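Heavy atoms only: backbone and side chains are in, while hydrogens, waters and symmetry mates are out. Keep in mind that what you see is a predicted model, and the values were worked out from it rather than measured.
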Amino acid sequence: MPMKGARIVVECLKKEKVDTLFCYPGGVVIPIFDELYQHGDGIRMVQPRHEQGGTHAADGYARVTGKPGVVLVTSGPGATNTVTGIATAYIDSIPMVVITGQVPTNYVGTDAFQEADITGISLPVTKENILVTDIEDLAPSLKRAFHIAVSGRPGPVLVDVPKDVLLATTQFEYPEEFNLESYRPVSKGHPKQVAKALELMTQAKQPLILAGGGIQISGSTELANTFMDKYGIPAVYTLMGHGINPKNGNLSIGNIGMHGTVYGNWAVQHCDLLIALGTRFSDRILGDTVSFAPNATIIHVDVDPAEIGKNINVDVPIVGDLRHVLEKWVEADREMPNFSEWVSMLQKKKADNPLTYQQGNAILPQFVMEKARELFPKNLIVVTDVGQHQMWAHQYFATTSPRSFVSSGGLGTMGFGVPAGIGAKLGCPDREVLVLAGDGGFQMTMQELVTIRREKLPVKIIVLDNGFLGMVRQWQDMFHGKRYSGVVLDNNPDFAALAQVLGIKSQRLEKIDEVEGALAELAQSSEAMLLHVIVEQEENVFPMVAAGASLNDTRTS
């Protein structure tokens, strides 16, 4: 039976087993919404209050489930409002399929009402984007989009569908497989390189694993833990690499980079073999590239060949899926030296340089983080916005299970937190989700509190309010003579009162003795709840390495 293009979109979503669709209607996509109303059984339609929020929610859903987040929006501003969310997903390698409506094909290029060249606009921040101009190409294009989004290095794919294609009819046939000769991601690391890396491990005295986000993306966290336990090799992790949890707890050292721990950065600078697993070697990790890991031979495993050698020279490049490489290393059963002396050295460094803060009369963000970590369950999903609180969360919430730390790493997108928390809760409804936000980022997407209420999601939110754009203020404090330009937020609304108006339980905290009780209530609440916490205004995040400085120069004050 012939089927309209709009119905084909819905049936393709069903074929891909899409259970959650983040969608906002508009003129040219009305036909899809009409088909969803009639035939969208099994698909939960979640309507955000802004398309950017919907895209971040799809991102959060994808990060905790490993499945692609799916977004549906209209043409013009509906499509352009998704770009920040698409770029956020792109740089962090998050699978996503974004379906945008477009003006009819005969109007494309005429500056028609709500026309935007979204394929041109999104080209730099998508793995691929497709403008469908023929109804016969619609189903194959959607199959292609889902395959490309999740294969190789995951990422967002955009499919732009003109209205006349949605209204045209054809026989619906969904391809069982997708084959494209020019798209063949490497899945297996070269055996000689895999063996060479393993041989270097047997010769090392102070080896160190650098765990990146690729460990979680590839579903290799447990394999990585097994690898660490089997050979006794310790690990540090990046912002995206949370979740390492070997049975031998002494092997998990801590986070590294600009706001990494003293002992984590020290480990990198003193290892003789660095085994980098699924990391981009971003500038926030490297600092000064010349002095980074000066004594180490570097092994780098990544599924994306473009990342190897891009930011730092490596000695043993291995292009391939991390799961395959780790399986080969674990199966090899090679005799390794005893690295216990090196591990003990790292543990002593850790004991001598703990994360510390001086709690006075004002509430410190670090105190809130520590108490929240104590009171919430171990399998908590932590979702952060971007700023100082993000770095404190990185330091104090050492999550020990995969896909449990959700944060915008590469793009650093303020406003990510609340909508990503929505997506995380929809993706993992049986797990507690705690959103940590600053006053600046929260105000960029705080309208999504309405989505939380509408969907009846028990998302917990802590807004740390220091009356500043805190991270920028810290840089102005440390490097620009405390000339606080454009960072003062001295007229913030009462976020607790706002939440209550929107139907969400809340409290405003201004005194230190209010914190623990309120956090306990937050942790135990069966419904959504927000805490608006007034914290010390000029507290800075330490440790810190200045931009471009050596990890040897990790400051603690």
Does anything in residues 184-221 form a ring pair (Phe, Tyr, Trp, His ring centres under 6.0 Å)? List the pairs, not counting sequence neighbours. none
Distance from Leu469 atom CG to Gln388 atom CD, nearest 0.5 Å? 10.0 Å
Say you draw a straight line from OG of Ser557 to CE of Met544; how long is it, rounded to the nearest 0.5 Å? 12.5 Å
Give me the one residue out of His242, His259, Met240 that meets side-chain contact (heavy atoms from CB on, under 4.5 Å) with His394. His242
I'd like a table of donor-acceptor pairs (distance under 3.5 Å, sequence neighbours excluded) in which one partner is a side-chain atom from residues 433-445, with atom names and distances.
residue : atom : partner : partner atom : Å
Asp439  : OD2  : Gly467  : N            : 3.1
Asp439  : OD2  : Asn492  : ND2          : 2.8
Gln443  : NE2  : Asp439  : O            : 3.0
Gln443  : NE2  : Asn492  : OD1          : 2.8
Thr445  : OG1  : Gly415  : O            : 2.8

Is it true that the side chains of Gln269 and Asn295 contain a donor and an acceptor less than 3.5 Å apart? no
Under 3.5 Å, is there a donor-acceptor pair linking the side chains of Ser122 and Asn129? yes
State which residue, out of Val157, Ile217, Val150, Thr65, fulfils the side-chain contact (heavy atoms from CB on, under 4.5 Å) condition with Pro95. Val150
Using a strict 4.0 Å threshold on nitrogen-to-oxygen distance, state whether Lys371 and Glu374 make a salt bridge. yes
Applied to residues 197-214, the salt bridge (Lys or Arg N to Asp or Glu O under 4.0 Å) test, sequence neighbours excluded, yields Glu199-Arg334
Does any N or O in the side chain of Asp229 come within less than 3.5 Å of the main-chain N or O of Asn248, such that one atom is a donor and the other an acceptor? yes
How long is the span from the CG atom in Leu551 to the NE2 atom in His270, to the nearest 0.5 Å? 11.5 Å
Assess whether a salt bridge exists between Lys230 and Asp333, defined as any Lys/Arg side-chain N lying under 4.0 Å from an Asp/Glu carboxylate O. yes
Only pairs under 3.5 Å count here: list side-chain donor-acceptor contacts from residues 52-63, not counting sequence neighbours, and write none if there are none.
residue : atom : partner : partner atom : Å
Gln52   : NE2  : His56   : NE2          : 3.1
Thr55   : OG1  : Glu51   : O            : 2.8
Asp59   : OD1  : Arg63   : NE           : 2.4
Asp59   : OD1  : Arg63   : NH2          : 3.3
Asp59   : OD2  : Arg63   : NH2          : 3.2
Tyr61   : OH   : Asp19   : OD1          : 2.6
Tyr61   : OH   : Asp19   : OD2          : 3.4
Tyr61   : OH   : Lys67   : NZ           : 3.3
Arg63   : NH1  : Asp92   : OD2          : 3.3
Arg63   : NH1  : Ser407  : O            : 2.8
Arg63   : NH2  : Asp92   : OD2          : 3.0

Check whether more than 12 heavy atoms from other residues, nucleotides or ligands sit under 6.0 Å from atom CD of Glu331, and answer yes or no. yes
Could you walk me through whether Arg280 and Asp304 pass the salt bridge (charged side-chain N to carboxylate O under 4.0 Å, His left out) test, one step at a time? CA-CA 9 Å; Arg280 297 186 297 111; Asp304 185 357; over 6 Å; no
Quick check for you: to the nearest 0.5 Å, what is the distance between Leu380 atom CG and Ser401 atom OG? 9.0 Å
Walk me through whether Leu274 and Thr297 qualify under side-chain contact (heavy atoms from CB on, under 4.5 Å). CA-CA 6 Å; Leu274 186 65; Thr297 299; over 6 Å; no
For the atom pair CD (Glu516) and CZ (Phe367), what is the distance rounded to the nearest 0.5 Å? 6.0 Å
For side-chain contact (heavy atoms from CB on, under 4.5 Å), just list the numbers for Phe339 and Glu341, CA-CA rounded to whole Å, side-chain angles, deciding distance to a tenth of an Å, and then say yes or no. CA-CA 6 Å; Phe339 301 125; Glu341 185 176 340; over 6 Å; no
Selection residues 309-330 - residue pairs positive for side-chain hydrogen bond (donor to acceptor under 3.5 Å, both in side chains), sequence neighbours left out: Glu307-Lys310
Are any non-hydrogen side-chain atoms of Met336 and Tyr231 less than 4.5 angstrom apart? yes
So how far is it from Leu223 CG to Leu322 CG, rounded to the nearest 0.5 Å? 8.5 Å
Would you check, one step at a time, whether the test side-chain contact (heavy atoms from CB on, under 4.5 Å) holds for Val262 with Thr556? CA-CA 8 Å; Val262 169; Thr556 56; 3.5 Å; yes
Any donor and acceptor pair, going by atom type alone, linking the side chain of Thr279 with main-chain N or O of Ala276 inside 3.5 Å? no
Check this for me: Lys188, atom NZ, are more than 12 non-hydrogen atoms of other residues, nucleotides or ligands nearer than 6.0 Å? no
Is there a side-chain contact (heavy atoms from CB on, under 4.5 Å) between Val487 and Gln476? Walk through the geometry before answering. CA-CA 9 Å; Val487 296; Gln476 290 175 339; 3.3 Å; yes
Within residues 539-549 or reaching into it, pairs that qualify as side-chain hydrogen bond (donor to acceptor under 3.5 Å, both in side chains) - sequence neighbours excluded: Gln366-Glu539, Arg473-Asn540, Asp477-Asn540
Is there a salt bridge (charged side-chain N to carboxylate O under 4.0 Å, His left out) between Glu177 and Lys143? Walk through the geometry before answering. CA-CA 8 Å; Glu177 296 181 356; Lys143 177 68 177 180; over 6 Å; no
State whether a side-chain donor-acceptor pair under 3.5 Å links Ser151 with Tyr183. yes
Taking the side chain as every heavy atom from C-beta outward, state whether Val319 and His300 have any pair of such atoms under 4.5 Å apart. no
Assess, by modelled atom type and distance only, whether the side chains of Thr20 and Arg44 contain a donor and an acceptor separated by less than 3.5 Å. no
Please tell me whether Phe479 and Trp475 form a close aromatic pair, meaning their ring centres lie under 6.0 Å apart. yes
Between Lys425 and Glu455, does any side-chain N to carboxylate O distance fall below 4.0 Å? no
Evaluate the criterion side-chain hydrogen bond (donor to acceptor under 3.5 Å, both in side chains) for residue pair Thr399 and Ser404; output intermediate values, then yes/no. CA-CA 6 Å; Thr399 56; Ser404 295; 5.3 Å; no
